[in-house]
Amino acid sequence: MIVAAIRKEAQVLLRDRSALTSLFVLPIVFMAVFGSIFSGDGGAAKPRLVAVVRGQGDARAAAAVNAIATSGLFRVREEVSRARVEELVADEDVAAGLVFPPGFDPMAGVPAELIIDLGASPVVRGPLQGALAGLIGRSMFGAAAPDVLVARSPHGARPLAGATAFQLLIPGNAVLFGFFLALTVGISFVEERKTGTFRRLLAAPVSRPVLLLARLVPYYLVGLVQMSFLFGLGAVGFGLRVGGSLLAFALLTAVMVFAAVSLGLLIASFSGTERQVGAIGSVCLLLMGLLGGGMVPRPLMPHTMQTIGLFTPHAWALEGYYDILVRQGTGIGDVVREILVVAGFGIGFALIGSLRFRFER
Amino acid sequence: MALLECRGLGKDYGALCAVEAFDLDVEEGEVFGLLGPNGAGKTTTISMMCGVVTPSRGSVRVAGHDLARDSFAARRAIGLVPQDLALYEDLSARQNLRFFGGIYGLRAGELAARIDWALSLAGLVDRSTEPVRRFSGGMKRRLNLAAGLLHRPRLVIVDEPTVGVDLQSRNHIFATIRALCADHGMSVLNTSHYMEEVELLCQRVAIMDRGREVARDSVDGLIGRHGGGSLEVEFRGEPARVASALGALGGVALEEQGAAGGRVRLREKEPVKPGAVVRAVEAAGGEVESLRASKPSLETVFLALTGHSLRDDEA
């Protein structure tokens, strides 16, 4: 029964262009677009452009501008007037502007002015402001400037050397789209009910749990193929590396796909038509994807939203993937909690879905 | 022992009784008709017979197996052909049959042989690799029937097998059903709301109306007992007086009445001559406007037993 169902579902899916597009093509497009937005060339961040105006012969201002230009974080564009700097910032041609007044001397109460859109998100503005303040402050001590901070990972974090933004983007997109498999599963259940094929199958010598399994197992395999394809493409096309254990990676993927397929059954159990699956499923999946960090990394969210995100399997799956992908030597033991929680979500979805699901309406 | 035995089979949905206690025997090699209008409870009844719906009461035995206790063995003896076209439209006819055959445990060479047999039976050998979505309604109906036969069931339950099909496919389906009994020894339980279909195909028939059985016999037996012909009489005159006058000739149902006339259906106990009708109406002070005779048939049986026609229920 299960083998016949797998073969049949593969035949149906291979003819369903829209399902294939949403499962395989759309995630690639998202990965490429997200990658272009956040990482520039090959995942390395480009220096930001800063416009500067300063008086001729001002040694402190010259030292500060030099420190900024040689930091590797910024490129400097010298301008002749404050008005021109403000115009460039307003037009978003530069990330920020710096105006060094005549006699620039912060110690004497004559600071430089940072021209920046104060309406911009602190997430965007804060790092820029902090980096420029630090560079200018260090320039005031000359060559004898002491190191104020030395960055280190916490004990045992074992960061993967040379990791690019794709190490985080690819699992984010893979989890987001991996869970969209639930929509395909939900629609397939409702279609089967609508066409009456369930009726024919119910009359066959097969138990109802096996009938449910026969629908879920083929999609589980499809999910595994989808995730292998997405991570494989990430490795080949975007240089994704697995810093930790491949077995842990495979286990996490296995339970994540299980949770996605079970979620499809749960959505189908609440839906009578394909349209309802689309409506209920899309809202649920987008919300879960958003809260779970599939679109915006959870560390950038307010604390409350980060906590709410923990009620989604997405968040736990992503936590696990980040550990395995960006931390050298992560083993199964390091992500066992994430694997168990995602599996728990899957079991919960499957139990509620199978209890609620009606083969006939 | 009958191939299918139902005893006191019934189904309630909350307070609604969809099917009252229903008894039925279908013998080996027989085509049995379950006749009734839409909503009579036919589909619910056959759904209980093949385990799709759990009965509220009663029992079902198929080929000696109790459906409740020995469910898989009982179901293996049944081939259900649902009213819906229960097919995968994106797959070819052959792929559909391979899947449904696989569900019944058919494998490899045996499955291939059964698929060829079923395709030949459905007249679809030449179209077997085309996606079903390209088929006409009649071709889909034939494939729908074939998909229920792959495991060679002893009892085939066909639910409204000719709904929405052209004449050619209808005749093909009739021929197939007859061949299943004559050549393969299968029994067929055929539900329909088409009188002609049941008259043409079935040796015995049970008539259902509003969830209960109202009669059961051979087609000829039912027509002989309940199916006297009827006359539809449209007249001018006082409806009550005219109906009363016609009552002397047979059973009268006043179907329509107005201030100056109406329409009466006269069920004949014995053949009634049109002249007698005209004279009776005129004697009651009325005048016949039109007179239409219906031959004895299951249609008239249904009318006699339920007081309404199948067309009334469909409207």
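Throughout, protein chains are lettered first and strands after them, A, B, ... in sequence-line order, and every chain is numbered starting at 1.
Chain A forms the most heavy-atom pairs under 4.5 Å with one residue out of D84(B), I78(B), V81(B), V53(B), and that residue is D84(B). Of the listed residues I103(B), N96(B), L87(B), V52(B), the one with more heavy-atom pairs under 4.5 angstrom with chain A than any other is V52(B). Counting heavy-atom pairs closer than 4.5 Å to chain A, the top residue among A74(B), A147(B), P153(B) is A147(B). Interface check for chain A: of the options G148(B), G51(B), P131(B), P82(B), the most heavy-atom pairs under 4.5 Å are formed by P82(B).
Of the charged side-chain nitrogens involved, at least one lies within less than 4.0 Å of a carboxylate oxygen, so that R94(B) and D116(B) count as a salt-bridged pair.
Heavy-atom proximity under 4.5 angstrom to chain B picks out nothing from residues 252-273 of chain A. Contacts from residues 182-213 of chain A to chain B, taken as heavy-atom pairs separated by less than 4.5 Å, involve E192(A), T195(A), G196(A), T197(A), R199(A), R200(A), L201(A), L202(A), A203(A), A204(A), P205(A), V206(A), S207(A), R208(A) in sequence order.
Between C202(B) and N190(B), some side-chain heavy-atom pair lies under the 4.5 Å cut-off.
Below 30°, between 30° and 60°, or above 60°: for Y104(B) and H151(B) the angle between ring planes is below 30°, a parallel geometry.
A donor and an acceptor atom, one from each side chain of R75(B) and S71(B), are located under 3.5 Å apart. One side chain, E197(B) or T162(B), offers a donor N or O that lies under 3.5 Å from an acceptor on the other. For the 3.5 Å distance criterion, the side chains of D16(A) and S18(A) qualify, holding a donor opposite an acceptor. R142(B) and S169(B) share a side-chain donor-acceptor pair at under 3.5 Å.
In this structure, F357(A) has its ring center under 6.0 Å from that of F359(A).
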Exercise. Report the C-alpha separation of Q95(B) and Y88(B) in whole Å, then their side-chain angles, then the decisive distance to 0.1 Å, and conclude whether the side chain to side chain donor-acceptor pair (under 3.5 Å) test is met.
Key: CA-CA 9 Å; Q95(B) 286 170 328; Y88(B) 299 100; over 6 Å; no
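With a threshold of 4.5 angstrom between heavy atoms, L85(B) approaches chain A through N, CA, C or O but not through any side-chain atom. Heavy atoms of S92(B) lying under 4.5 Å from chain A are absent altogether. Neither the backbone nor the side chain of A73(B) has a heavy atom closer than 4.5 Å to any heavy atom of chain A. Contact of A5(A) with chain B is made through backbone and side chain together, with heavy-atom distances under 4.5 Å.
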